[in-house]
Amino acid sequence: MKRRSALDAWRIPEVSLTMVIAFLLFSLSGKSISQTPAQTQPAPHAPMGWNSWNSFANIVNSEIVQQEAKALAANGMKDAGYEYVVIDEGWWLGERDSTGNIVVNSKQWPAIAPGQKDGDMANIAAYIHSLKLKAGIYTDAGHDGCSMYPDSGPKYMNSGSEGHYDQDFLQFSRWGFDYVKVDWCGGAKEKRSGAIQYAQVAQAIQRAEKITGRPLFFSICEWGSQNPWFWAPGVGGIESTIWRTGGDIIPPVVETLHDPEHDKRVITLQNVLDSFDTGMHPEAQHTGYYNDLDMMVMGMRGMSESMDRIHMGLWAISSAPMMVGSDLTRLSPATLSLLTNKEALAIHNDPYGLQPIKVAETISGVQVWAKPMTVAGRRAVAVLDRTDAPVQAKIDWDKLGLAGAPRSVRDVWNGRQLLVDAALSVPAHDPADYPANKSKIDGIQATGGPTFARLEYTNNSGQVAVLRVRSTSGFSTGLALPPTAGSSSGSIGLILPRGTADLKFESQQAVIRKLLVYSW
Ligand code: GLA
């Protein structure tokens, strides 16, 4: 079971104090290899916002959510793009009325404005909307929810949505929620198939959206237990989604609960690095479909400024969902400035939304991670020192698929140019251009390791089309590509698995228009 795991209590490792991470953003003057075709709709980057669990666990209530939403709206995070305020487990204790409608505690969720009724979740959704933010809610795919394993206080059964999918997701949407996280405590207990349950949830969400006309973003939370990166992209025909890749970074650290259990919880850098390491499934992630490395713990007990920087850097370069689980009313200026760093967020919000690949580790523990950005010839690079000593990292430009030193290098943290050599004009390696305009392409070479490719497609099926990727390495995954309108095409970046790969659309009406495969 992934939750309530024992923490490495008390000990903040010495090593964290000397950890360094640098983020560099390169621009090349090399010929522009491909123009990015217009998307039919703006590409959804991974969601950003706040989630109640890490800092408030199951004591969440209306007052807390209002305070946090106010902080988010006022502390610069909203302006930086954090938009969701998500209420996690603890808002509902499993009670339904005689027609199966969810009943909530009216003291926990009272009226907030004149004319409202106590015990109506529409109150808090309206409050969040009044701050021009979006509201999120939480349930479980099984009969029982995670409140059967409470973080504190008594346990409650039946707080899951199984048997009520249509009713509950419509209710969430009618209350005004824009986002729903669907957990797996009940599904795991019943030994269900995640692919089947979450497809049914996705379909119920889409039916609810049709009725209310309000988008309800779908967040899958089954902790990576059934390898969701293989089935979650496009599950149940959903047009955008995220899926958790592992357990919780930490059990919640609730500062107001002074019991021995909560008092001993301290976050270590290893907790954060473990979440990053288990979350790397670059072949599954692409525009609109993201591996979820868990809610962020920046500024929480145990996190130093350098640990915050590593955390922010890794989530940004991974284009991971950035749902901050900290108490926003207590964030230091330093943590806030990292969370709102414009250049780090530009990397996070890059329309291709790819994960990085580890391109070098010449000294053990000193790793260079890099990913291609949508602008041809541009890379985001993280140098991560996991050792207990500071290092002078040297970047081998070749390892980034660059034929020489870049034209410009920016240090994201300081917003400064690190190295400029305008006289140097550096072409990127030419990509392999595969004959296209068909629904399948075989024999794509990625024998040197995970390989970046750009793909243009049309999908006139009117729904998400799955592009099956199979490699001689035995790897197989599906990428989900939303419909395109008329003759316009869509474009994604993708990471091909090591080996020789075949790409094939499962729908007759979807066609690969162009495929460029780069040499790293
Ligand atoms: C699981 C999830 C967490 C949180 C808790 C609530 O552990 O992984 O993110 O939602 O349940 O109990």
Side-chain angles (χ1 to χ4, degrees), residues 1-7 46-47 49-61 64-65 68 84-94 108 136-162 172 177 179-190 192 194 197-198 201 217-226 228 232 241-254 257 261-262 265 267 271-272 274-276 278-279 290-298 300 315 320-327:
M1 183 71 189
K2 72 345 145 204
R3 42 201 326 265
R4 319 282 178 252
S5 62
L7 267 182
W50 174 82
N51 176 296
S52 60
W53 184 251
N54 287 349
S55 294
F56 298 99
N58 53 351
I59 66 166
V60 66
N61 62 31
I64 290 171
V65 177
E68 295 295 318
Y84 290 105
V85 173
V86 180
I87 306 168
D88 206 282
E89 191 225 302
W91 69 271
W92 174 49
L93 304 178
Q108 192 181 1
I137 191 110
Y138 164 96
T139 188
D140 195 280
H143 280 294
D144 292 316
C146 293
S147 54
M148 67 179 145
Y149 313 117
D151 179 65
S152 65
K155 65 176 176 189
Y156 294 93
M157 309 306 279
N158 300 315
S159 65
S161 287
E162 194 177 342
F172 300 154
F177 287 96
Y179 180 112
V180 63
K181 170 174 164 183
V182 184
D183 215 331
W184 192 237
C185 284
K189 180 180 166 194
E190 295 165 39
R192 296 277 186 177
Q197 293 310 121
Y198 283 106
V201 169
F217 188 85
F218 182 27
S219 155
I220 297 171
C221 178
E222 61 80 270
W223 327 305
S225 63
Q226 296 179 17
T241 191
I242 60 178
W243 55 89
R244 278 275 294 277
T245 47
D248 302 358
I249 295 181
I250 38 116
V253 181
V254 186
L257 280 178
E261 183 54 35
H262 284 85
R265 292 180 179 169
I267 305 161
N271 295 142
V272 175
D274 284 349
S275 212
F276 170 73
T278 54
Y290 301 97
N291 291 293
D292 180 354
L293 312 181
D294 197 10
M295 285 97 69
M296 301 177 84
V297 295
M298 287 173 63
M300 291 179 62
W315 266 237
M322 283 190 168
M323 307 302 291
V324 181
S326 328
D327 176 352

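Whatever order the structure lists ligands and atoms in, that order sets their numbers, starting from 1. Positions are given from 1, in the same order as the sequence printed here.
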Requested in this report: Could you point out which residue of D183, D292, T245 forms a side chain to side chain donor-acceptor pair (under 3.5 Å) with W223?
Outcome: D183
I'd like to check which ligand 1 atoms, numbered from 1 as shown, lie under 4.0 Å from a non-hydrogen atom of [X].
X	answer
W53	4 (C), 5 (C), 6 (C), 12 (O)
C146	11 (O), 12 (O)
C221	2 (C), 8 (O)
E89	6 (C), 12 (O)
K181	3 (C), 4 (C), 9 (O), 10 (O)
W223	1 (C), 2 (C), 8 (O)
R244	8 (O), 9 (O)
D88	4 (C), 6 (C), 10 (O)

Query - Salt-bridge present (D151, R265; N to O < 4.0 Å) - result: yes
Report summary line: Sorted by chain and number, sequence neighbours left out, salt bridge (Lys or Arg N to Asp or Glu O under 4.0 Å) with D327 holds for none
Query raised in the report: What do we get for D183 next to ligand 1 when only non-hydrogen atoms under 4.0 Å count, side chain, backbone, both or neither?
Result: side chain
**Report entry** Proximity to ligand 1 by part of Y138, non-hydrogen separation under 4.0 Å
**Finding:** side chain
Requested in this report: For a side chain to side chain contact (heavy atoms under 4.5 Å, CB included) with M323, tell me which candidate from M295, M296, K181 qualifies.
Outcome: M295
Report summary line: When Y138, F177, F56, Y179 are each screened for side chain to side chain contact (heavy atoms under 4.5 Å, CB included) with I87, the one that passes is F177
Query raised in the report: Are M298 and W315 close enough, and set up right, to give a side-chain contact (heavy atoms from CB on, under 4.5 Å), and what steps lead you there?
Result: CA-CA 11 Å; M298 287 173 63; W315 266 237; over 6 Å; no
Query raised in the report: In terms of the angle between their ring planes, are W91 and F172 parallel, tilted or perpendicular, with boundaries placed at 30° and 60°?
Result: perpendicular
